Amino acid sequence: MHSSQFDGAAVFSGGGFMPSQATQALESSFSYSKNRDAQSLLPLTVKQINDAFLLSDDKSNMIIDGVGVKNVTLVGRVCNKAGRITDVTFVLDDGTGRIECSKWLQEDVDTNEAEGIRDGMYVRLHGHLKGFQGKRTLNVFSFRCDVNIMSKFSSSVF
Amino acid sequence: MDTSNPSAFVNAELLPNFIGKKVRAVVQVHQSDGGVAIGKSTDGSQLTVKGLPQVPAMNYIEVIGIAESNQLINAEIWTDFGNTFDTDSYNKLCQLANGEFRSLFL
């Protein structure tokens, strides 16, 4: 009985919070990612990234083997690790070159994981290539120690 | 990003192409004493490595350093890969990284 007497407009008309069109507007402006290629994950060497960077006119949109480079996976040795409270940075050396990497530490689990990386370790990284002030760095979202040591040689040719 | 100082994947056969340059190789250590180790390359030849600490005999060690002669590497960095290692795959990688897919590496 009570529910039938409920009048939303009357309840909300007193000022303060008003249900508005905002939620609908948000829905209509939301769009799904258009292109699967934009999400591809490329196994690369640092040399390939460097070559593509030097060749491309549009530094924010590199292409390697006809594919736009967004997410990449690399394997190499960790050097010059520097841990801070909010992020960890290090240089990855895969034998073909060195690239600066950084990972933001948002959760406790990230911090614990980051403490596990030490200089000299081999790791596999998944990350997002970012250009910043003319430098190309790798924004890491996942890294792990290579349990199977041979998989580090799968980076590009296998 | 810096690709000015790469270390080439080598086996004993490819080592002479990089004298004076930085290389990396996996060596199965047979004998090691006082900083000099003698071992087997992934293509089955004997290699000598200077600058290695005492490592367990028969372990596979990756060395990164300067190629001093046809059979000698002066190690700067080394990693112990343990006593099981797929030398055939690594050897194939050395060949591909210096042959068909050289442009991806050097």
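In this text the structure is predicted, and so the values were computed from the model without any measurement. Naming: A, B, ... by sequence-line order, numbering from 1 per chain.
- Residues of residues 99-112 of chain A lying under 4.5 angstrom from chain B, judged on non-hydrogen atoms, are A:Ile99, A:Glu100 by number.
- A:Arg98 and A:Asp93 are joined by a salt bridge, as a carboxylate oxygen and a charged side-chain nitrogen come within less than 4.0 angstrom of each other.
- Taking the six-membered ring for Trp and the full ring otherwise, the centers of B:Phe85 and B:Tyr60 sit less than 6.0 Å from each other.
- Separation of atoms CZ (B:Phe105) and OG1 (B:Thr3) is listed at 14.0 Å; rounding is to 0.5 Å.
- Atom CE of A:Met62 and atom CG of A:Leu44 lie 7.5 Å apart (nearest 0.5 Å).
- In this structure, A:Asp51 pairs ionically with A:Lys47, as a charged nitrogen and a carboxylate oxygen lie closer than 4.0 Å.
- Every residue two or more places apart in sequence or in another chain that forms a side chain to side chain contact (heavy atoms under 4.5 Å, CB included) with A:Arg118 is listed here: A:Met121.
- Pairs passing the side chain to side chain donor-acceptor pair (under 3.5 Å) check and including a residue from residues 36-45 of chain B, sequence neighbours excluded, read B:Ser41-B:Asp43, B:Thr42-B:Asn91.
- Contact residues of residues 66-79 of chain B toward chain A are B:Ile77, B:Thr79 (heavy-atom distance under 4.5 Å).
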Fill in: Full working for side chain to side chain donor-acceptor pair (under 3.5 Å) between A:His128 and A:Asn71
CA-CA 5 Å; A:His128 183 82; A:Asn71 299 324; 3.2 Å; yes
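- Between B:Tyr90 and B:Phe9, the ring center distance clears the sub-6.0 Å criterion.
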